[in-house]
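Here is the structure we will look at.
The chains referred to below are lettered A, B, ... by the order of the sequence lines, with proteins before strands, and numbering in each begins at 1.
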Amino acid sequence: MPELPEMETYRRLLSERIVGKPMTEIEINREKSINIPPSQFIQELQGNTITKIDRRAKHLIFQLSSGKSLLLHLMLGGWMYLGNDEDNPDRTKQVIVSFGNEKLYFIGLRLGYLHLYNTKELTSELSDLGPEPLDSTFTIEKFQEIFTERRGMIKTTLVNQEVIAGIGNCYSDEICFEVRIKPIRKFDELEPSEFNALFNGMKTVFHRAIEAGGYMDNPLYKNDHKTGGYNKICAVYDREGEPCKRCQTPIILETVSSRKTFYCPNCQN
DNA sequence: AGGGCAACCCGGACGC
DNA sequence: TGCGTCCGGGTTGCCC
């Protein structure tokens, strides 16, 4: 599912390909995916260029030349495709933005959305998010500050966007595996060494996942060999019954606060 | 504060 | 083949 590394991969690949190009045509197939009437949405976008693409947690922010922004959240199962009608994937496309002969298809937006906001609205929309895991200002001291008083399960806390932003179901498990800690452990019972390992492991896993291209089923464009590269190096997520990459013990699946949770029962403590 | 749960949505998987 | 049913997943909001 699209979490921080997937959105960062999209951000990087799209930045090279659509920034600076005028939006020539906008097609809305599902009004629920946007936040204002389609005619107004189209009018606001048409002729604009995307000046920059930013990422905040699992959101992408398309900065428009008008000064407004498009806030994208793919939620579950949402993805994008950049191409044309010849090679476009045969799926439900809720929104299509054309850049001349190249189109950006927003696909599988069920609970996902593409909302248009001014600066003030955008700030307000993102105001409840915790720190960015990979931000250089997010230090071990900050990490300690935030997590020391937490008593809940590690898994539950890591996926809480108000505590720290960008970690979802897949990477919370991947991070726990990396540092050999069971996701169901409680934060307040972690040894100081485990606490440090968790902080470093989080950064390591995210850097590795971004480098690999994230965990995605579909390419962003034709001959895209980057997107989804993490699928094959994924350690535990969606690998129930498969051997642990460290000790060969079958990975187990458990439900933790109504979420699928994968871990190695042998080498995670 | 933490935990549990329902609601949101609908493509896709599965069963018959 | 085709129809019906169910599930999943991030987020929000509500309850205990």
So if I take residues 28-41 of chain A and measure heavy-atom distances to DNA chain B, which residues fall below 4.0 Å?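 Residues of residues 28-41 of chain A that come under 4.0 Å of DNA chain B are, in numerical order, A:Arg30, A:Lys32.
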Covered region of DNA chain B, 5' end to 3' end, by chain A [heavy atoms, under 4.0 Å]: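 First and last nucleotides in contact are B:dG2 to B:dG12.
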I need the [atom1]-[atom2] distance between [X] and [N], as an integer number of Å.
X	N	atom1	atom2	value
A:Trp79	C:dG10	CH2	P	19 Å
A:Tyr215	C:dG8	OH	P	15 Å
A:Glu162	C:dT11	CD	P	11 Å
A:Asn169	C:dG8	CG	C1'	10 Å
A:Leu111	C:dG10	CG	C1'	7 Å
A:Asn160	C:dG10	CG	P	13 Å
A:Asp128	C:dT12	CG	P	7 Å
A:Lys58	C:dT12	NZ	P	10 Å

Is it true that a side-chain atom of [X] and a backbone atom of [Y] form a donor plus acceptor pair closer than 3.5 Å?
X	Y	value
A:Gln46	A:Ile26	no
A:Gln94	A:Ile28	no
A:Lys103	A:Phe99	no
A:Lys93	A:Phe106	no

Does A:His73 have a side-chain nitrogen or oxygen under 4.0 Å from the phosphate oxygens OP1 or OP2 of C:dT11?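 Result: yes.
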Can you see if the side chain of A:Gln161 gets near the phosphate of C:dG10 - specifically, an N or O under 4.0 Å from OP1 or OP2?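 False: A:Gln161 side-chain N/O out of range (4.0 Å or more) of C:dG10 OP1/OP2.
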Same cluster or not: A:Ile36 versus A:Leu64, using hydrophobic residues (I, L, V, M, F, W, Y) connected whenever any side-chain heavy atoms lie under 4.5 Å apart? yes
Hey, are [X] and [Y] close enough for a salt bridge, meaning a charged N less than 4.0 Å from a carboxylate O?
X	Y	answer
A:Arg56	A:Asp54	no
A:Arg185	A:Glu189	yes
A:Arg55	A:Glu132	yes

Near-ring test A:Phe177/A:Tyr263, centroid separation under 6.0 angstrom: no
Which residue is it: A:Glu174, A:Glu211, A:Arg208? I am looking for the one with a side chain to side chain donor-acceptor pair (under 3.5 Å) to A:Tyr230.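 With A:Tyr230 as partner, side chain to side chain donor-acceptor pair (under 3.5 Å) holds for just one option, A:Glu174.
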Go through it in stages, so that I can follow the logic: the residues are A:Tyr215 and A:Tyr237, the test is ring pair (Phe, Tyr, Trp, His ring centres under 6.0 Å), and I'd like the CA-CA distance, side-chain angles, deciding distance and then a yes or no. CA-CA 10 Å; A:Tyr215 191 105; A:Tyr237 184 72; 5.6 Å; yes
By the 4.0 Å heavy-atom rule, please label [X] as base, sugar-phosphate, or nothing.
X	value
A:Tyr171	nothing
A:Gly152	sugar-phosphate
A:Arg150	sugar-phosphate

Estimated bend of the helix from B:dG2-C:dC16 to B:dC16-C:dG2 (axis per five terminal pairs, rounded to 10 degrees):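 Its terminal axes enclose an angle near 40°.
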Which is more 5' along DNA chain B, the nucleotide nearest A:Thr157 or the one nearest A:Leu109? Just name the residue. A:Thr157
Between A:His115 and A:Tyr117, a side-chain donor and acceptor under 3.5 Å: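 A:His115 vs A:Tyr117: donor-acceptor pair found between side chains.
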A:Met75 or A:Arg110, whichever maps to the more 5' nucleotide of DNA chain C: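 The 5'-side residue here is A:Arg110.
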